[in-house]
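The next block holds one structure in the form of structure tokens; read it before the comments.
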Amino acid sequence: MTSAALRSRAWKLLEMVTTPLLPSDYLDLVSPLREGADLRGRIEAVHPETGDAATVVIRPGRGWRGHTAGQYVRIGVDVDGVRLWRAYSLTSPTHRRDGRFTITVKAIPDGKVSNHLVRRAKPGTLIQLDQPTGDFVLSQAKPAKVFYLTAGSGITPVMGMLRDTELDDVVMVHCAPRPQDVIFRDELHDLVADGKLRLIEVHTDTDGVLDIARLDELVPDWAERETWACGPAGLLDAAEEHWTGHGVLERLHTERFRPGIVVAGDGGEVTFSVSGKTVAADGATPLLDIGEEAGVLMPSGCRMGICFGCVTPLKAGAVRDLRTGGITEAEPGVLIQTCVSAAAGPCDIER
Amino acid sequence: MTAIDPTAHLTSEQIEELGRELDAIRDEVIAGRGERDAAYIRKVIAAQRKLELVSRGVLLFSLFPPAWLLGTAGLSVAKIMDNMEIGHNILHGQWDWMRDPKIHSTTWEWDHVSPSEQWKHSHNELHHTYTNVIGKDNDLGYGIMRVDEDQKWHPFHLGQPLWNFLNACFFEYGIAAYDLELGKNLSKRRRKNPEFRARAKAVGRKIRKQVLKDYVIHPLLSGPSFLPTLAATFTANLVRNVWTHSVIMCGHFPEGVQVFERRSIVGETRGQWYLRQMMGSANISGSKAMHFMTGNLSHQIEHHLFPDLPSNRYAEVAVKVRALFAKYELEYVTGPLPKQVFSAWHKVFRLALPNKETEVRAPDRERELVAA
Ligand code: FES
């Protein structure tokens with residue numbers, strides 16, 4: 001018998017020994033980060049960056065496959081005893097020798113997870129992890145000229161790129177309210193001093209919001225540059241329009257952190273058919289929230305429509321996509337993202 | 001339905017006010033739920049797993065009597081923890097708010113021959129909704145016993161002390177049969193029902209796994225200690241069964257607990273529902289350790305009022321609930337375990353024999369039921 005077959009037999013036997021639990025339920029007690037366990041990580045340190053941002057150093061479990069600069073990771077953190085999942089960009093270079101990675105989190109007003117991570121997370125805490133993902137990454141062939149356009153915490157995936165890959169000609173325009181709000185400011189200025197980066201800071205408290213037309217004067221050759229832009233929807237919408245207007249949209253790569261929510265729909269009775277619950281929903285609240293409120297175990301991830309960690313079969317009725325206003329009607333095999341879908345009339349969700 | 005209605009002095013306004021006061025207690029706990037509670041259940045689960053692991057380890061050497069004793073005691077406690085404070089409460093959804101898929105009512109499986117799914121239906125849905133309603137709540141005597149004077153007597157009931165004793169010893173099998181509604185479903189016509197067959201199959205699978213683990217694999221692993229380990233696991237299951245049966249009997253059977261007629265719950269308001277839970281349940285008084293080992297079902301009254309609040313909160317809730325009983329001049333049935341167990345058993349014996357009232361009232365009652 002091959003060793004793999006032997007091992008699988010031994011595992012089967014072990015399962016009989018531990019039924020109704022699994023062997024892993026016991027192994028998790030002693031070694032939660034081992035190979036083969038559900039992917040988890042341990043917070044090893046939290047370093048403040050600005051008044052409301054911090055970098056969290058995480059040691060991932062053995063199953064971690066590593067990331068590409070610019071990608072994000074979904075993490076599940078227990079806040080006040082409740083497990084909440086959010087997605088954060090990785091800010092550490094790939095292949096750090098010590099096997100750890102970092103995310104940099106900005107506390108947003110009323111943000112449960114972000115405030116917890118920035119202000120209360122303690123080293124030693126276990127968190128849940130997914131493999132890193134996302135296609136906001138540098139192209140295989142190194143571009144000759146690069147432009148990074150960022151605002152606020154939109155700098156985090158770009159910082160991951162800057163730290164990872166040295167490029168010959170990089171310009172960055174970064175917007176933040178005040179100089180002290182610029183995350184990684186010292187490190188950015190070190191790069192500037194070493195001649196590795198041309199940096200333009202826009203301080204919106206004094207300079208006002210960046211007018212995209214000013215790019216011509218700030219970065220005269222912007223249209224020739226391969227551009228990565230990340231920040232609030234307003235900035236990205238303006239950028240997309242601008243790049244389109246100049247016929248160079250293929251050079252623009254964007255990453256959106258939050259969907260722009262559109263007008264409320266009709267709402268209706270939502271049935272969660274697996275758990276046998278029926279609740280009333282309005283047309284503006286994501287079905288994910290509705291389900292969680294009703295005590296249904298809803299899978300989730302980023303909660304903003306990018307990770308597909310929340311997809312669930314729609315068995316009957318219709319839902320409205322909160323980002324686009326588009327209506328999806330039930331059909332066999334139709335899956336919806338519950339985090340960005342609201343009831344558009346009565347519907348049946350298979351959870 | 002007992003001779004004197006102990007709630008007769010309450011006006012319907014008072015009953016609704018009582019309901020609002022109970023809702024307020026509930027809201028307060030929910031608002032305060034958090035890290036401390038999550039840490040509690042995680043700690044209990046980890047402790048249970050370690051205890052079970054160590055006890056099974058010790059039983060590998062159960063050829064030596066001290067190891068047998070220690071291992072058996074440890075395993076009995078571990079099984080009780082798994083069933084009561086952990087399994088029963090998780091399956092009630094008491095910890096669903098944590099959103100941890102590993103500690104969730106939809107994913108939890110317990111060390112018990114009745115599959116979680118089936119037990120949740122018969123227990124959470126039927127028993128907790130129709131608490132103590134004759135003909136609707138099958139927990140009332142589990143369909144094999146007469147637990148109230150107003151239930152019709154049948155010669156079969158003469159044997160009920162024996163049925164109850166056997167049920168206590170093999171309680172988990174009793175529960176599995178009960179969840180399957182075996183009595184009803186074994187009739188020729190129903191036996192073939194595919195839905196029933198699927199459920200029976202699931203129970204069969206679960207029994208096979210449980211038996212294999214307890215009575216084959218672990219004894220085999222013990223080698224020369226095969227027989228002592230077998231005896232130890234059997235004993236641990238017996239202890240767990242008798243213990244849980246006793247605790248559960250104390251919840252609804254002691255003297256002073258009310259039962260209700262089917263039609264009394266038609267159009268029941270929230271306040272009336274609460275009141276029925278209050279009058280239909282009984283507590284066990286005792287130490288913290290006692291509450292823990294009963295899975296906090298010693299706070300049966302509080303559990304029935306708020307079945308989905310985390311069990312570690314029942315003790316603090318009990319203080320407020322008890323004050324409400326006093327305020328509304330209702331009897332809070334409670335007592336130490338031996339007293340409550342005795343009371344419940346006494347009733348089992350007493351009702352094994354017919355009583356006068358029943359003979360007079362039974363025909364009447366039946367007509368009422370038909371009408372309802
Ligand atoms: S939670 Fe990420 S797509 Fe819905």
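The chains referred to below are lettered A, B, ... by the order of the sequence lines, with proteins before strands, and numbering in each begins at 1.
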So which donor and acceptor atoms of chain A and chain B come within less than 3.5 Å of each other?
residue : atom : partner : partner atom : Å
A:V17   : O    : B:H218  : NE2          : 3.1
A:T19   : O    : B:K213  : NZ           : 2.8
A:D38   : OD2  : B:K102  : NZ           : 2.7
A:R83   : N    : B:M98   : O            : 2.8
A:R83   : NH1  : B:D100  : OD1          : 3.4
A:R83   : NH2  : B:D100  : OD2          : 3.4
A:R120  : NH2  : B:E35   : OE1          : 3.4
A:E292  : OE1  : B:R99   : NH1          : 3.0
A:E292  : OE1  : B:R99   : NH2          : 3.2
A:E292  : OE2  : B:R99   : NH1          : 3.4

*Nearest 0.5 Å, what's the CD1-CG distance between B:I207 and B:L212?*
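Result: 13.0 Å between the selected atoms.
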*Over 12 foreign heavy atoms within 6.0 Å of CZ, A:R62*: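 No, because the 6.0 Å sphere around CZ of A:R62 holds 12 heavy atoms or fewer from other groups.
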*I would like to know whether B:L75 and B:L59 meet side-chain contact (heavy atoms from CB on, under 4.5 Å); could you show each step before the answer?*
CA-CA 9 Å; B:L75 188 58; B:L59 284 177; 3.9 Å; yes
*chain B contact via A:L297 - side chain, backbone, both or neither, heavy atoms under 4.5 Å*: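 Both backbone and side chain.
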*Heavy-atom side-chain contact between A:Y72 and A:I103 under 4.5 Å*: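 A:Y72 does not reach A:I103 side chain to side chain.
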*asked:* Quick check: do B:L22 and B:L305 have side-chain heavy atoms less than 4.5 Å from each other?
replied: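 Yes, close enough: below the 4.5 Å cut-off.
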*B:I41 versus chain A, the contacting section by heavy-atom distance below 4.5 Å*: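 The answer is neither part of B:I41.
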*Do we see a donor-acceptor contact under 3.5 Å between the side chains of A:T55 and A:T104?*
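A:T104 and A:T55 do have a side-chain donor-acceptor pair below 3.5 Å.
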*May I ask you to decide if A:I108's main-chain N or O and A:S114's side chain share a donor-acceptor pair within less than 3.5 Å?*
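Checking the backbone N and O of A:I108 against the side chain of A:S114, a donor-acceptor pair under 3.5 Å is found.
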